[in-house]
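What follows is one structure encoded as structure tokens, with my remarks underneath.
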Number of protein chains: 2
Amino acid sequence: MNISLKEYISIFIHQTDLKITSCVKERLARFNLAPEQNLIMMLLWERDGRTQQELSEQLEKDKTNITRMLSSLEQKGFIKRIIETCDRRSTRIFLTEEGKALECHVIPLTDEFHRIITSGVTEEELAIVRRVLSKMRENVN
Amino acid sequence: MNISLKEYISIFIHQTDLKITSCVKERLARFNLAPEQNLIMMLLWERDGRTQQELSEQLEKDKTNITRMLSSLEQKGFIKRIIETCDRRSTRIFLTEEGKALECHVIPLTDEFHRIITSGVTEEELAIVRRVLSKMRENVN
DNA sequence: GTTTAATAGTTGCTATGGCAACTAAATATA
DNA sequence: TATATTTAGTTGCCATAGCAACTATTAAAC
């Protein structure tokens, strides 16, 4: 083989992502929140009443994923779907009391997690990583 | 919100991974190969007759995923499962002629893809990215 | 030698991710 | 106004990803 699997940076990035996600999942488990569900919650804690369309754009995810994650969050009792009266195609997503109550527990945890994974990494290195990953995203477009 | 979603490096890495994977998927589609299935094929092109256990370790994936990906590759006619005679618990994976024939088409494509995503990125920057991502993987363990 | 452990692989479940096709509703166009 | 198009959301399908629980087989312990 000309290039070993480990040398493909794409594979390296993918495996890193899996390891990080796995750790986040573990830490969020006690709140009954999955990692990507948590991203929706973070947007809603900032401001709820967003439409699914907005969530889809802000998280750069397919709207089908948003639908399914919201169904799960709704079933868990963290959010409510309210159909928009002036445009009955859209639904606005609101936090329940239970959903609101999670914020003060989860945010410190995600902030702490960010500190943990970046520990031993300088600001300069982090900036380079961001710049290189951005460049790669441009390259594949 | 104290930290914006985009500032979490974990989210940035995840979204980059998704974009890269999506592009790889698109390019491999004409060979009827999914991205992760292709990783198995790459190992088998290097040397076939590996057990599922070996594939699982080399790709750092859960053995259940290997089982399912191999079932798909078998159904497509790219690989064969042969039960090991001296240890009937293991199966050894061999390429079919059709599976072997893919190599000379796919390898140039993956190498080209590697060049594309790393274009405009210096060797030094790439080394830093690898080092930082390695550090992050250590940090979450 | 029989019981117990470990090992290899499979299946079920949940969570993600995206494409295609669909419904319902609103808007644009004729 | 009636038709066509666009938009918001849902469902179906397939591909990943990993945990738990299971079967079959082998190895270890007694």
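The chains referred to below are lettered A, B, ... by the order of the sequence lines, with proteins before strands, and numbering in each begins at 1.
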Legend entry - Exam field: side chain R50(A) to backbone R47(A), donor-acceptor pair closer than 3.5 Å: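 Checking the backbone N and O of R47(A) against the side chain of R50(A), a donor-acceptor pair under 3.5 Å is found.
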Inset, instruction - Give a yes or no on whether the backbone of C104(A) and the side-chain of W45(A) come within a donor-acceptor separation of less than 3.5 Å. - result: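 Side chain of W45(A) to backbone of C104(A): no pair is present.
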Legend entry - Nearest heavy atoms of E103(B) and P108(B), plus distance in Å: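 Here E103(B) and P108(B) meet closest at O-CD, 4.0 Å.
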Under 3.5 Å, is there a donor on one side chain and an acceptor on the other for [X] and [Y]?
{"X": "R81(A)", "Y": "Q52(A)", "value": "yes"}
{"X": "H114(B)", "Y": "E7(A)", "value": "no"}
{"X": "E54(A)", "Y": "T51(A)", "value": "yes"}
{"X": "T91(A)", "Y": "E84(A)", "value": "no"}

Inset, instruction - Determine the contact category for I66(A): base if any of its heavy atoms lies under 4.0 Å from a base atom, sugar-phosphate if only primed atoms, P, OP1 or OP2 are that close, otherwise nothing. - result: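 Contact class for I66(A): none.
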Inset, instruction - May I ask you to say what S90(A) touches in the nucleic acid, namely base, sugar-phosphate or nothing, with a heavy-atom cut-off under 4.0 Å? - result: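 Here S90(A) touches the backbone only, sparing every base.
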Atom pairs under 3.5 Å, N or O on each side, protein against nucleotides 20-23 of chain C: can you list them with distances?
none

Atom [atom1] of [X] and atom [atom2] of [N]: how far apart are they, to the nearest Å?
{"X": "D87(B)", "N": "dA27(D)", "atom1": "CG", "atom2": "P", "result": "6 Å"}
{"X": "Q75(B)", "N": "dT10(C)", "atom1": "CD", "atom2": "P", "result": "13 Å"}
{"X": "L18(B)", "N": "dG17(C)", "atom1": "CG", "atom2": "P", "result": "5 Å"}
{"X": "D17(B)", "N": "dG17(C)", "atom1": "CG", "atom2": "P", "result": "10 Å"}
{"X": "N38(A)", "N": "dT16(C)", "atom1": "CG", "atom2": "C1'", "result": "14 Å"}
{"X": "L33(B)", "N": "dC14(D)", "atom1": "CG", "atom2": "C1'", "result": "15 Å"}
{"X": "I82(B)", "N": "dG9(C)", "atom1": "CD1", "atom2": "C1'", "result": "16 Å"}
{"X": "M41(B)", "N": "dT16(D)", "atom1": "CE", "atom2": "P", "result": "13 Å"}

Please determine whether a side-chain nitrogen or oxygen atom of [X] lies at a distance below 4.0 Å from atom OP1 or OP2 of [N].
{"X": "R81(B)", "N": "dT10(C)", "result": "yes"}
{"X": "N65(A)", "N": "dG18(C)", "result": "yes"}
{"X": "T91(A)", "N": "dG9(D)", "result": "yes"}
{"X": "Q53(A)", "N": "dA8(D)", "result": "yes"}

Inset, instruction - Report the glycosidic orientation of dA5(C): syn if within 90° of 0, anti in every other case. - result: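 Nucleotide dA5(C) adopts syn.
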Legend entry - R131(B) atom CZ, over 12 foreign heavy atoms within 6.0 Å: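 Yes.
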Legend entry - Whether over 12 other heavy atoms sit under 6.0 Å from E60(B) CD: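 Yes, because the 6.0 Å sphere around CD of E60(B) holds more than 12 heavy atoms from other groups.
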Inset, instruction - Evaluate the criterion side-chain contact (heavy atoms from CB on, under 4.5 Å) for residue pair R89(B) and I83(B); output intermediate values, then yes/no. - result: CA-CA 8 Å; R89(B) 288 172 303 183; I83(B) 293 173; over 6 Å; no
Under 3.5 Å, which protein N or O atoms sit close to an N or O of nucleotides 13-15 of chain C? Give each pair with its distance.
unit_1	atom_1	unit_2	atom_2	d
dC13(C)	N4	R68(B)	NH2	3.4

Inset, instruction - Could you check H14(A) against Q52(A) and say which one's nearest nucleotide on DNA chain D is further toward the 5' end? - result: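 So the residue in question is Q52(A).
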Inset, instruction - Could you grab the distance from atom NZ of K100(A) to atom CE of M41(A), nearest 0.5 Å is fine? - result: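 So the gap between those two atoms works out to 11.0 Å.
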Legend entry - Whichever of E57(B) and R88(A) has its nearest DNA chain C nucleotide further upstream toward 5':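 The answer here is E57(B).
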Inset, instruction - Could you say whether C86(A) or S22(B) is positioned toward the 5' end of DNA chain C, judged by the nucleotide with the nearest heavy atom to each? - result: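 Its nearest nucleotide being more 5', the pick is S22(B).
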Inset, instruction - Find the partner of dG9(D): check Watson-Crick (N1-N3 plus N6-O4 or O6-N4) and G-U wobble (N1-O2, O6-N3) distances, both under 3.5 Å, and reply none if neither fits. - result: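 Base partner found: dC22(C).
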Inset, instruction - State the pairing partner of dT26(D); accept Watson-Crick or G-U wobble contacts with both distances under 3.5 Å, and report none otherwise. - result: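 The answer is none; no pair meets the criterion.
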Inset, instruction - Assess whether one donor atom and one acceptor atom, taken from the side chain of R89(B) and the base of dT7(C), lie less than 3.5 Å apart. - result: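 Present.
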